[in-house]
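Shown next, in structure tokens, is the structure this report addresses.
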Amino acid sequence: GWRIDVLQFRAALTRDDDAAALTLASPQVFEGLDGVAGADVDRWLAEQRSALLRHRQQARLRLAQARREAGDTDTALFLWQQALDEDPCQEAALLPAMQLLVQRGERAVALALFERTRDALRRELDLAPTGATSALADGLRGTPPAMPPRATPAEPAGSGRSPPLAALRAERLPWVGRDDVLAALQ
């Protein structure tokens, strides 16, 4: 029988099965049909493509959030990045992707993602990113938060514990197992 991916895609969305819907959603919708039946059909095709692509993005964003909530941050980040690759102005994917990248310590990647989306928003829509996204980017451009100094507790005399690492100096440490290197240096 015939398999119509658009109908299967819509059925998966109706079942709230975003993962299945995304496996069915092709980036090329009604490919090869432009110009076949006239301007009215071309307009209809454009509307259908737009709606299907919008539904695919919504499914991708929902699935990314669900994967993040389930602790699968790799998949969540991958889905958000896919959303931004397909639509560089997709700010709904930008903020959570940036937040996740910051949590992973990838501040520069988060900032680069912001700048790419900011430029696309300006170029394509003459808009600026939302305040929350801009505030996160502004924070990333600043100095990373300083780690508070750790207090070193004083060791009681004769405690038998090793001295703190800072007290050890290279000239006091033996060249254990490196006699050949020491001989070559002398």
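Note that the coordinates shown come from a computational prediction; the quantities given were computed from them, not determined experimentally.
For the pair Ala76 and Leu100, the tightest heavy-atom approach, listed with the atom from each and the gap, is CB-CD2, 4.5 Å.
Atoms NE2 and OG, from His55 and Ser50 in turn, are 9.0 Å apart once rounded to the nearest 0.5 Å. Atom CG in Leu13 sits 8.5 Å away from atom CD in Gln58 (nearest 0.5 Å). The CG atom of Asp138 sits 7.0 Å away from atom CZ of Phe114, with the distance rounded to the nearest 0.5 Å. Atom CH2 of Trp80 is separated from atom OG1 of Thr75 by 11.0 Å, given to the nearest 0.5 angstrom.
Among residues two or more places apart in sequence or in another chain, the side chain to side chain contact (heavy atoms under 4.5 Å, CB included) test is passed with Ala92 by Leu61, Gln90. Every residue two or more places apart in sequence or in another chain was checked for a side-chain hydrogen bond (donor to acceptor under 3.5 Å, both in side chains) with Ser134, and none qualifies. With sequence neighbours left out, Arg43 forms a side-chain hydrogen bond (donor to acceptor under 3.5 Å, both in side chains) with Asp40. Take Glu91 and apply the side-chain hydrogen bond (donor to acceptor under 3.5 Å, both in side chains) test, not counting sequence neighbours, and it matches Thr130, Thr133. Checked against side chain to side chain contact (heavy atoms under 4.5 Å, CB included), Gln81 has the following partners two or more places apart in sequence or in another chain: Leu77. For Arg54, there are no salt bridge (Lys or Arg N to Asp or Glu O under 4.0 Å) partners two or more places apart in sequence or in a different chain. With sequence neighbours excluded, the residues forming a salt bridge (Lys or Arg N to Asp or Glu O under 4.0 Å) with Arg62 are Asp18, listed by chain and number. Partners of Ala19 according to the side chain to side chain contact (heavy atoms under 4.5 Å, CB included) rule, which considers only residues two or more places apart in sequence or in another chain, are Asp17, Leu63.
At least one side-chain heavy atom of Leu140 sits under 4.5 Å from a side-chain heavy atom of Met98. Looking only at side-chain heavy atoms (C-beta outward), Leu52 and Phe9 come within less than 4.5 Å of each other. Contact annotation: the side chain of Leu79 approaches that of Leu22 to within less than 4.5 Å [non-hydrogen atoms, C-beta and beyond].
Panel note: side chain Arg116, backbone Leu84; a donor-acceptor pair is recorded below 3.5 Å. With hydrogens and angles disregarded, a donor-acceptor distance shorter than 3.5 Å links the side chain of Thr117 to the backbone of Leu113.
Screening Gln57, Arg60, Arg56 for a side-chain contact (heavy atoms from CB on, under 4.5 Å) involving Gln82 leaves a single residue, Arg60.
Pairs passing the salt bridge (Lys or Arg N to Asp or Glu O under 4.0 Å) check and including a residue from residues 68-83, sequence neighbours excluded, read Arg67-Asp72, Asp74-Arg104.
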Just list the side-chain donor-acceptor pairs under 3.5 Å for residues 122-129, sequence neighbours left out, or say none.
none

